[in-house]
There are 2 protein chains.
Amino acid sequence: MGRWEPGAGSRLREAALALYLERGFEQTTVADIAERAGVTARTFFRHFADKREVLFDGAAALEERSVAALEAVPAAASALDAVVAALNVTAEMIGSDRDLARKRQAVIMANAELRERELIKFASMSVTLADRLRARGVGDLDASLAAEIGVAAFRVAFEQWAGATGDGELRDAIHTSLAALRTLTAAD
Amino acid sequence: MGRWEPGAGSRLREAALALYLERGFEQTTVADIAERAGVTARTFFRHFADKREVLFDGAAALEERSVAALEAVPAAASALDAVVAALNVTAEMIGSDRDLARKRQAVIMANAELRERELIKFASMSVTLADRLRARGVGDLDASLAAEIGVAAFRVAFEQWAGATGDGELRDAIHTSLAALRTLTAAD
DNA sequence: ACAGTGATGTCACTTGATGACATGGGATCC
DNA sequence: GGATCCCATGTCATCAAGTGACATCACTGT
């Protein structure tokens with residue numbers, strides 16, 4: 001491959017994010033992105049399944065690592081605790097680059113299609129975690145619920161964190177969210 | 001309008017559901033639906049924002065009535081209890097026609113785009129309920145969380161109910177789901 | 001040098017979605 | 001009753017997303 005030039009994949013990713021920020025997601029066509037990246041539109045689709053996926057193709061890696069984290073939790077831990085451990089790892093990965101997270105989140109929140117896709121990614125993580133819990137012997141319903149509410153708590157915390165102007169840690173936001181969750185369900 | 005003929009809206013809805021069941025969602029084009037309903041494709045888009053929305057345009061009414069149910073809950077009730085009351089009303093509406101629910105669910109589960117859209121509808125309900133909780137004086141975080149976990153419990157129960165071959169009541173499934181949720185968060 | 005492999009370009013096409021404009025029939029008002 | 005208005009729809013044109021088929025060119029290893 002001769003001298004090193006950034007692959008078309010990363011050039012496309014950068015071009016897309018820049019355009020989404022400059023003029024908005026809907027106002028950006030695949031042709032625009034491809035042009036800025038110096039390739040054809042056809043090539044764009046060889047790297048990304050669709051226009052949205054550019055912003056989400058990191059999710060797979062995220063999921064992978066949080067699953068690994070879940071596996072590392074002692075079997076004695078409760079289902080919810082195991083999920084929380086996995087999500088804390090996720091939080092560390094995301095939380096390490098707050099500026100990028102904010103930019104990305106701004107683009108996503110400005111568009112319905114992207115908000116949908118983001119929810120899907122969270123849901124996908126929830127399903128994956130639930131599966132792993134089942135593999136550990138957790139019951140069907142409990143596995144689904146533990147994963148769902150863990151991810152819900154994470155998501156609420158994340159949204160607050162990514163939107164807030166302050167500079168608290170994502171990890172702390174999650175902790176607060178989980179504590180609130182316990183109080184809510186305990187109160188009867 | 002002369003004698004009564006079903007409006008184009010309902011004809012389109014029926015045509016679409018039939019085709020989605022017969023040959024699948026992706027294999028059905030808007031042109032197909034329009035033809036079966038006796039209108040042009042352009043008219044389809046005057047009734048539905050997109051091909052998916054045909055299956056989801058009842059969601060608004062559902063949301064409306066569950067909000068009304070939430071408003072009817074005494075202010076003294078806990079946030080989660082209020083959400084549960086709202087969801088029980090939703091359950092009654094959905095649960096009244098299990099056959100339709102199953103057909104619809106079969107179509108939705110067979111397609112990724114439709115699963116996405118369904119999650120969005122649930123998310124939308126969650127946001128709406130959270131807003132109403134805030135209007136009642138519930139704190140920001142608590143409102144989001146109560147709505148999220150209530151809806152999550154509902155969704156898990158609903159999916160199990162709509163997929164199961166047995167004939168339990170949706171209401172019971174929700175109750176079971178909520179009980180499990182409380183146990184999960186209590187265990188510490 | 002040669003065959004193979006992979007990434008890209010080119011072309012053609014289907015489908016989803018939307019804007020602009022025409023029209024026909026029912027409802028409304030005088 | 002007839003002029004008029006409005007709404008639903010049809011018609012036409014167009015753009016953008018996405019995909020399949022095939023050609024090309026650079027680089028790889030032998």
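Throughout, a chain's letter reflects where its sequence line sits, starting with A, and its residues are numbered from 1. For clarity, every value in this text was computed on a predicted model and none was experimentally measured.
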Checklist entry - More 5' along DNA chain D: A:R42 or A:E26, using each one's nearest nucleotide? => result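 Its nucleotide being nearer the 5' end, the pick is A:E26.
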Item to check | side chain to side chain donor-acceptor pair (under 3.5 Å) assessment of A:Q105 paired with A:E118 | outcome: CA-CA 10 Å; A:Q105 204 64 7; A:E118 173 145 272; 2.9 Å; yes
Roughly, in whole Å, what's the span from [atom1] in [X] to [atom2] in [N]?
X      : N      : atom1 : atom2 : answer
A:E113 : D:dA16 : CD    : C1'   : 12 Å
A:E35  : C:dG9  : CD    : C1'   : 15 Å
B:D32  : C:dT14 : CG    : C1'   : 12 Å
A:F48  : D:dA17 : CZ    : P     : 15 Å
A:F44  : C:dT10 : CZ    : C1'   : 19 Å
A:N111 : D:dA17 : CG    : C1'   : 15 Å
A:R46  : C:dT5  : CZ    : P     : 18 Å
B:R52  : C:dG16 : CZ    : P     : 11 Å

Item to check | Check ion pair B:R115-B:E159 (N to O, under 4.0 angstrom) | outcome: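 Result for this pair is no, no salt bridge flagged.
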Checklist entry - Would you call A:D32-A:K51 a salt bridge at under 4.0 Å N-O? => result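 So A:D32 does not pair with A:K51 through a salt bridge.
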Looking only at the side chain of [X] (C-beta and beyond, no hydrogens), which of the listed nucleotides [options] gets closest?
X     : options                : answer
A:D50 : D:dG20, D:dG18, C:dG9  : D:dG18
A:H47 : C:dT8, C:dG16, C:dT18  : C:dT8
A:K51 : C:dC11, C:dG16, D:dG18 : D:dG18

Next on the checklist: According to side-chain hydrogen bond (donor to acceptor under 3.5 Å, both in side chains), who are the partners of B:R136, at least two apart in sequence or on a separate chain?
Outcome noted: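 Here no residue qualifies.
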Item to check | Set of residues satisfying side-chain hydrogen bond (donor to acceptor under 3.5 Å, both in side chains) with respect to A:T128, sequence neighbours excluded | outcome: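 Here the qualifying residues are A:E63.
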Checklist entry - Using a cut-off of 4.0 Å on non-hydrogen atoms, how would the nucleic acid contact of B:T40 be classed: base, sugar-phosphate, or nothing? => result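 Counting heavy atoms under 4.0 Å across all strands, the contact made by B:T40 includes a base.
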Checklist entry - Base, sugar-phosphate, or nothing: which does B:A8 touch, judged by heavy atoms less than 4.0 Å apart? => result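 Result for B:A8 = sugar-phosphate.
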Item to check | Any B:T43 side-chain nitrogen or oxygen under 4.0 Å from OP1 or OP2 of D:dG10 | outcome: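 Answer yes for this pair, as a side-chain N or O of B:T43 is under 4.0 Å from OP1 or OP2.
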